[in-house]
Amino acid sequence: MALTGRLGLLAGLGALLPLALPSWWTLLAFWGALLAGVAVDLALAGNVRALAYHRSGDTNVRLGERAAVALTVENRGRRRVKAVLRDVWPPSAGASPRTTRIDVPAGEARRVETALVPTRRGDREAVGVVVRSVGPLGLAARQLSRPAPWRVRVLPAFPSRRHLPGKLAKLRELTGAHVALIRGQGTEFDSLREYVDGDDVRSIDWRATARRRDVVVRTWRPERDRRIYLVLDTGRTAAGRVGDIPRLDCSMDAALLLGALASRAGDRVDLLAYDRRVRARVEGASRTDLLPSMVQAMAPLEPELIESDAAGMVSALLSRVRQRCLVVLLTELNPAAIEEGLLPLLPQLTARHLVMVAAVADPRVGEMAGARGDLAAVYDAAAAERARADRARVTAELRSFGVEVVDAPPDGIAPALADAYLALKAAGRL
C-alpha cells in the first residue's frame with residue numbers, strides 16, 4: 001500500500017480541524033470518512049501483484065549511442081490495471097522516460113519502450129520495475145516493486161574508426177593495389193628489377209646481374225602473418241582522466257584501431273589486459289571475429305587502483321608468446337612506474353620481441369607550461385615543465401633499450417600508433 005499526496009493534504013487539514021470545529025463527533029466523522037475513502041481506494045485499485053513482466057531488446061550498444069529495451073506487462077488478474085510504471089536503471093544507463101502510464105485489461109499485455117543512452121562503458125543492469133495503481137478517489141494506491149532482469153553491455157565508443165580508411169589506403173601502398181617496393185630487414189622477397197639511382201646497393205642481386213647486361217636489384221614486400229600482441233595496462237595510472245576521458249578508454253580506442261589495421265594487413269592480433277592479474281584476454285581470433293572479440297573483452301574493464309605488476313606482466317607475455325612479435329604496451333609514461341617496474345625487465349623482453357610503448361599525453365600540461373599570467377600560473381608552468389622533462393627522460397631511457405615510443409594527446413594517440421605500425425612495416429622491421 002502507498003499513500004498519495006492528496007491523502008497527505010487531507011490529513012493535514014484534519015489536524016487543523018480541532019481549531020475550527022471543537023466538536024469531537026465532527027472530527028470522528030471526518031477521520032472515519034477519510035479512512036473509508038482509503039479502504040475504498042485500496043479495494044478498487046488495480047491488483048499490481050497480478051502483473052508479470054517480460055523483457056526484450058538490445059543487449060549491446062556502443063558508448064554514446066542509443067539502445068532500446070522493451071518491457072511487456074502482462075495482466076494475469078481479473079480486473080483492469082491502470083497504473084504508473086517506472087522502469088528503474090542506474091543513472092549512467094541514461095534511461096528515458098522516467099515513468100509511463102499503463103492501462104492493461106485483464107488477460108492482455110502492453111509493451112513499454114525504454115530508451116537507453118549510456119554515459120559509461122560496462123554492463124548496465126536493470127534495477128527493477130515499480131508499479132503504482134491509484135484508486136478512484138486518489139487517496140491511496142497499491143504499489144509493488146519487482147525485479148525484471150536485463151543487461152545491456154556498453155561497448156567502447158571507438159571514435160578513431162574514422163581514421164581507418166586513411167590508414168588502410170597507406171597500407172595498400174605497401175601491400176595492396178598501389179605497390180610500393182621496399183627493402184629492409186625481415187621482409188619477404190618479391191621480384192627482380194633493373195637498378196635505378198637511389199637504390200640501396202645491398203639489394204643488388206649479383207648472380208642475376210651476371211646473367212644480364214644491366215644491374216639487377218631485388219625488391220621486397222612487407223611480411224604478412226606476423227603477430228601483434230596488444231597489452232593494456234589497467235593499473236592505477238590508467239584511471240587518470242585526460243580532459244574528460246579516462247586514459248584507459250583512450251588506450252582502448254588506440255588498440256582497436258591498430259587491431260583493425262593489423263588484421264587487414266594479414267597479421268595476427270592478440271590482446272591482454274593486465275595489472276596484477278589477467279583482466280581480459282583475446283587470443284587466436286580470426287580476422288572477422290577480432291574486433292567483436294576485442295570490444296566485448298574491453299567493455300567491462302575498469303582501472304584498478306593498484307600499482308601494476310610489471311614482472312607479472314612480462315612473465316605472462318613471455319609464457320604466451322614464443323615466436324618473435326611486436327609487443328605494444330599501452331600504459332602511462334609515469335617515471336616512478338616505468339623506472340622501478342618496467343625498465344629493469346626490458347632486456348629480457350626486447351631480446352625476444354620488438355617492443356613499442358604507447359602513452360596518452362595530457363594537453364593541459366602544455367597549456368600550463370606556456371602560462372605566465374600571475375604568480376600561481378608561473379608556479380604551474382614550472383611544475384608542467386618539470387613533468388615534461390621527466391617524460392622526455394623516461395622516453396629517452398626507453399629508446400635506449402630499442403623500444404619504440406608513441407606519445408600523443410587523446411585525439412592523436414590512435415592515428416599516431418597506427419602510423420608507427422605502418423612505419424615498422426615500411427622499414428621491414430615487422
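Rounding to the nearest 0.5 Å gives a distance of 6.0 Å between OG of Ser251 and CG of Leu232. For the atom pair Leu417 CG and Glu404 CD, the distance stands at 11.0 Å (nearest 0.5 Å). Note that CD of Gln348 and OG of Ser315 are 8.5 Å apart. Values are rounded to the nearest 0.5 Å. Here the CZ-CD1 distance, from Arg391 to Ile338, works out to 9.5 Å after rounding to the nearest 0.5 Å. Annotation: the span from Leu422 atom CG to Glu173 atom CD amounts to 9.5 Å, rounded to 0.5 Å. Separating the CZ atom in Arg264 from the CG atom in Leu290 is a distance of 10.5 Å, to the nearest 0.5 Å.
Using modelled atom types, one side-chain atom of Ser400 and one backbone atom of Glu397 make a donor-acceptor pair closer than 3.5 Å. With hydrogens and angles disregarded, no donor-acceptor distance shorter than 3.5 Å links the side chain of Arg281 to the backbone of Leu271. A side-chain donor-acceptor contact under 3.5 Å links His353 to the backbone of Cys325. Here the side chain of Arg241 pairs a donor or acceptor atom with the backbone of Asp244 at under 3.5 angstrom.
Looking at Val295, Leu63, Leu257 one by one, the single match for side-chain contact (heavy atoms from CB on, under 4.5 Å) with Phe158 turns out to be Leu257.
With contacts defined as side-chain heavy-atom distances shorter than 4.5 Å, the pair Gln143/Val130 qualifies. Side chains of Val321 and Val327 form no contact here, defined as non-hydrogen atoms less than 4.5 Å apart. Looking at Asn47 and Arg142, their side chains come closer than 4.5 Å, going by heavy atoms from C-beta outward. Looking at heavy atoms from C-beta onward, Glu283 lies in side-chain contact with Tyr229 at the 4.5 angstrom threshold. At least one side-chain heavy atom of Thr59 sits under 4.5 Å from a side-chain heavy atom of Trp150. Under the 4.5 Å side-chain criterion, counting only non-hydrogen atoms from C-beta, Pro156 is not in contact with Arg62. Asp58 is not listed as a side-chain neighbour of Val152, based on a closest heavy-atom distance of 4.5 Å or more. Glu65 places none of its side-chain heavy atoms less than 4.5 Å from the side chain of Val117.
Listed by chain and residue number, Thr234, Ala273, Asp275, Arg277, Leu301, Glu304, Ile306 satisfy the side-chain contact (heavy atoms from CB on, under 4.5 Å) test with Arg279 (two or more places apart in sequence, or in another chain). Every residue two or more places apart in sequence or in another chain that forms a side-chain contact (heavy atoms from CB on, under 4.5 Å) with Ala255 is listed here: Leu230, Met294, Met298, Leu330. Under the side chain to side chain donor-acceptor pair (under 3.5 Å) criterion, Tyr421 pairs with Asp267, sequence neighbours left out. Take Tyr53 and apply the side chain to side chain donor-acceptor pair (under 3.5 Å) test, not counting sequence neighbours, and it matches no residue. For Phe401, the side-chain contact (heavy atoms from CB on, under 4.5 Å) test picks out Leu343, Leu346, Pro347, Val403, with sequence neighbours left out. For Arg111, the salt bridge (charged side-chain N to carboxylate O under 4.0 Å, His left out) test picks out Glu113, with sequence neighbours left out. Partners of Asp249 by salt bridge (charged side-chain N to carboxylate O under 4.0 Å, His left out), not counting sequence neighbours, listed by chain and number: Arg121. Under the salt bridge (charged side-chain N to carboxylate O under 4.0 Å, His left out) criterion, Asp390 pairs with Arg386, Arg393, sequence neighbours left out. Considering only residues two or more places apart in sequence or on other chains, Ala52 meets the side-chain contact (heavy atoms from CB on, under 4.5 Å) condition with His54, Glu74, Arg76.
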Please tabulate, for side-chain N and O atoms in residues 89-99, each donor-acceptor pair with protein atoms closer than 3.5 Å (sequence neighbours left out).
from: Trp89; atom 1: NE1; to: Asp87; atom 2: OD1; distance (Å): 3.4
from: Trp89; atom 1: NE1; to: Asp87; atom 2: OD2; distance (Å): 3.3
from: Ser92; atom 1: OG; to: Arg124; atom 2: NE; distance (Å): 2.9

Which donor-acceptor pairs under 3.5 Å do the side chains of residues 357-368 make with protein atoms, sequence neighbours left out?
from: Asp362; atom 1: OD1; to: Arg364; atom 2: N; distance (Å): 3.0
from: Arg364; atom 1: NH1; to: Glu367; atom 2: OE1; distance (Å): 3.3

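Considering every non-hydrogen atom in both Arg120 and Val154, the closest pair reads O-CG1, 3.3 Å. Closest non-hydrogen pair, Asp270 versus Gly284, comes out as OD1-N, 3.1 Å. For Val406 against Ala416, the heavy-atom pair with the smallest separation is CG1-CB, 3.8 Å. Taking both residues in full, the closest heavy atoms of Ala371 and Ala381 are given as O-CB, 3.5 Å, listed atom of the first, atom of the second, then distance. Among all heavy-atom pairs drawn from Ala260 and Leu291, the shortest one is CB-CD1, 3.8 Å. Nearest heavy-atom pair, Leu272 versus Ala316, reported as atom, atom and distance to 0.1 Å: CD2-CB, 4.4 Å.
Few gaps surround CZ on Arg324; more than 12 heavy atoms of other groups in view lie less than 6.0 Å from it. Around CZ of Arg49, the count of heavy atoms belonging to other residues, nucleotides or ligands within 6.0 Å does not exceed 12.
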With side chain to side chain contact (heavy atoms under 4.5 Å, CB included) as the criterion, how do Asn75 and Glu108 come out once you've worked through the C-alpha distance, each side chain's angles and the decisive distance to 0.1 Å?
CA-CA 6 Å; Asn75 186 358; Glu108 296 187 16; 6.0 Å; no
Pair Leu85-Ile102, side chain to side chain contact (heavy atoms under 4.5 Å, CB included): steps then yes or no:
CA-CA 7 Å; Leu85 179 145; Ile102 59 172; 4.2 Å; yes
Using side chain to side chain donor-acceptor pair (under 3.5 Å), reason through Glu339 and Asn334 one step at a time and then give a plain yes or no.
CA-CA 8 Å; Glu339 293 175 343; Asn334 182 279; over 6 Å; no
May I have the step-by-step check of side chain to side chain contact (heavy atoms under 4.5 Å, CB included) for Leu342 and Leu329, ending in yes or no?
CA-CA 11 Å; Leu342 184 62; Leu329 174 58; 3.7 Å; yes
Report the C-alpha distance between Met356 and Leu424 in whole Å, list the side-chain angles of each, state the deciding distance to 0.1 Å, and finish with yes or no for side chain to side chain contact (heavy atoms under 4.5 Å, CB included).
CA-CA 10 Å; Met356 180 183 293; Leu424 291 178; 3.5 Å; yes
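The pair Asp253-Arg161 does not meet the salt-bridge criterion, since no charged nitrogen lies less than 4.0 angstrom from a carboxylate oxygen. Ion pairing between a basic and an acidic side chain is recognised when a charged N comes within 4.0 Å of a carboxylate O; Glu332 and Arg236 show no such pairing. Here Arg153 pairs with Asp123 in a salt bridge; the nearest charged N to carboxylate O distance falls below 4.0 Å.
Listed by first and then second residue, the salt bridge (Lys or Arg N to Asp or Glu O under 4.0 Å) pairs involving residues 340-357 amount to none (not counting sequence neighbours).
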